[in-house]
K.L.:
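Below you'll find the structure I mean.
What you see is a predicted model, and the numbers here were worked out from it, not measured in a lab.
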Amino acid sequence: MKNISTVLSQPPELKRPMGSDELSREQRDSVAYFFLRLSLLNREQYDRQFPDEKTEALAKREYAAHLKDFTREQIDAGMATYHDNRQAGVEGFQFLDVDRAIGLIRNGGVGEGNPARIHKLFEPLALPDKNAQERARKSGESELAKMRGMFDL
């Protein structure tokens, strides 16, 4: 058993978020591909944000758990949306933001500045059969007659 003075004198053991030894080859590829695509958005900002290989490696390790299961197609779609938002001047997309880019990938391109899929038209549910449709029509007629009776119409 260690005494308290030896424990306090030693640097704390930091748990690494996710090491490359815990990822498959495909998962490491997804993380590397994401950071490659991120660097292509604005190389100058990327170099400022990750000035050396150690900083970039630490960022990859930090975000690996969030990126490891994305496909290249998903990453491409998210980055295309990021480009669109930057070009449209949407607030918050002028600087590189790893979390925002991950959010766009995870949500299929829906994020700040993008409508929450309201562009998709509602397709009404079909009634199961003609009998149900007829019962619903008769029920609606009787309820409408009751409401009209309330107002003496």
Side-chain angles (χ1 to χ4, degrees), residues 1-137 139-140 143:
M1 188 164 156
K2 298 179 184 178
N3 70 25
I4 191 71
S5 60
T6 58
V7 170
L8 291 176
S9 66
Q10 296 174 343
E13 293 180 24
L14 299 175
K15 175 145 175 59
R16 298 181 343 193
M18 181 166 286
S20 61
D21 53 336
E22 299 171 25
L23 299 175
S24 69
R25 191 170 85 57
E26 292 81 16
Q27 290 173 328
R28 283 194 307 269
D29 180 63
S30 292
V31 173
Y33 186 68
F34 170 83
F35 277 91
L36 170 70
R37 289 299 309 270
L38 189 68
S39 72
L40 297 175
L41 284 172
N42 188 328
R43 189 64 200 195
E44 184 180 321
Q45 286 182 12
Y46 186 86
D47 288 342
R48 229 177 300 144
Q49 203 165 355
F50 308 110
D52 54 28
E53 288 180 19
K54 184 176 181 181
T55 306
E56 185 180 29
L58 289 171
K60 287 178 180 179
R61 183 179 300 273
E62 181 69 28
Y63 288 103
H66 304 285
L67 296 168
K68 65 185 175 74
D69 296 322
F70 293 135
T71 64
R72 284 187 174 214
E73 290 78 22
Q74 290 172 308
I75 293 170
D76 288 339
M79 290 301 178
T81 304
Y82 205 104
H83 275 291
D84 294 343
N85 286 328
R86 284 176 59 96
Q87 292 165 5
V90 176
E91 175 115 11
F93 284 92
Q94 63 270 27
F95 299 106
L96 294 183
D97 186 340
V98 177
D99 291 313
R100 190 172 298 229
I102 292 171
L104 287 174
I105 296 167
R106 180 176 292 129
N107 299 327
V110 177
E112 281 185 41
N114 294 317
R117 305 267 187 205
I118 58 174
H119 63 282
K120 291 190 175 186
L121 298 176
F122 174 73
E123 294 180 23
L125 301 174
L127 292 173
D129 57 25
K130 286 288 184 184
N131 290 334
Q133 200 172 16
E134 186 60 30
R135 285 193 311 269
R137 188 184 62 72
S139 175
E143 291 300 317

K.L.:
Side chains of D29 and R72: does their closest heavy-atom pair fall under 4.5 Å?
P.N.:
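With C-beta onward as the side chain, the pair touches.
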
K.L.:
To the nearest 0.5 Å, how far apart are CD in Q133 and NZ in K130?
P.N.:
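Result: 4.5 Å between the selected atoms.
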
K.L.:
Output the distance between atom CG (L96) and atom CZ (R86), rounded to the nearest 0.5 Å.
P.N.:
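Going from the CG atom of L96 to the CZ atom of R86 covers 6.0 Å.
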
K.L.:
Do Q27 and E22 touch side chain to side chain, with heavy atoms closer than 4.5 Å?
P.N.:
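A side-chain contact under 4.5 Å is absent here.
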
K.L.:
Kindly determine whether F50 and V98 satisfy side chain to side chain contact (heavy atoms under 4.5 Å, CB included), including the steps that lead there.
P.N.:
CA-CA 12 Å; F50 308 110; V98 177; 4.2 Å; yes

K.L.:
Just so I know, are the side chains of Y33 and F70 near enough to count as touching, which here means a heavy-atom distance under 4.5 Å?
P.N.:
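Answer no - side chains too far apart.
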
K.L.:
Decide yes or no for Y63 and D99: does some side-chain heavy atom of the first lie under 4.5 Å from some side-chain heavy atom of the second?
P.N.:
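Side-chain contact under 4.5 Å: yes.
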
K.L.:
Between S30 and D69, is there a donor-acceptor pair closer than 3.5 Å when you use the side chain of the first and the backbone of the second?
P.N.:
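Not at all, since once roles are kept as given, no pair shorter than 3.5 Å links the two residues.
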
K.L.:
Run the side chain to side chain donor-acceptor pair (under 3.5 Å) test against E53 and tell me which residues pass, sequence neighbours left out.
P.N.:
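Partners of E53 under the side chain to side chain donor-acceptor pair (under 3.5 Å) test: none.
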
K.L.:
How far does CG of N42 sit from CD of Q94, to the nearest 0.5 angstrom?
P.N.:
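Here the interatomic distance stands at 11.0 Å.
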
K.L.:
Taking 4.0 angstrom as the limit, do D47 and R43 come out as a salt bridge?
P.N.:
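Judged by the 4.0 Å cut-off on N to carboxylate O distance, D47 and R43 do form a salt bridge.
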
K.L.:
With a 4.5 Å cut-off on side-chain heavy atoms, are F93 and Q87 touching?
P.N.:
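No - every pair of side-chain heavy atoms lies 4.5 Å or more apart.
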
K.L.:
With rounding to the nearest 0.5 angstrom, report the CG to CD distance, D129 to E134.
P.N.:
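Atom-to-atom, D129:CG and E134:CD are 11.0 Å apart.
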
K.L.:
Could you give the distance from OG1 (T81) to CG (D76), rounded to the nearest 0.5 Å?
P.N.:
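So the OG1 of T81 and the CG of D76 are separated by 11.0 Å.
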
K.L.:
Which atoms form the tightest heavy-atom contact between Q74 and I105, and what is the distance?
P.N.:
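Distance-wise, the nearest heavy atoms are O-CG2, 3.7 Å.
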
K.L.:
Distance only, no hydrogens: is a donor on one side chain within 3.5 Å (strictly under) of an acceptor on the other, for T55 and D52?
P.N.:
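A donor-acceptor contact under 3.5 Å links the two side chains.
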
K.L.:
Taking atom CD of Q49 and atom CG of L38, what is their separation to the nearest 0.5 Å?
P.N.:
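The distance works out to 7.0 Å.
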
K.L.:
Answer yes if the side chains of D97 and Y82 hold a donor-acceptor pair under 3.5 Å, and no otherwise.
P.N.:
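Y82 and D97 do not have a side-chain donor-acceptor pair below 3.5 Å.
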
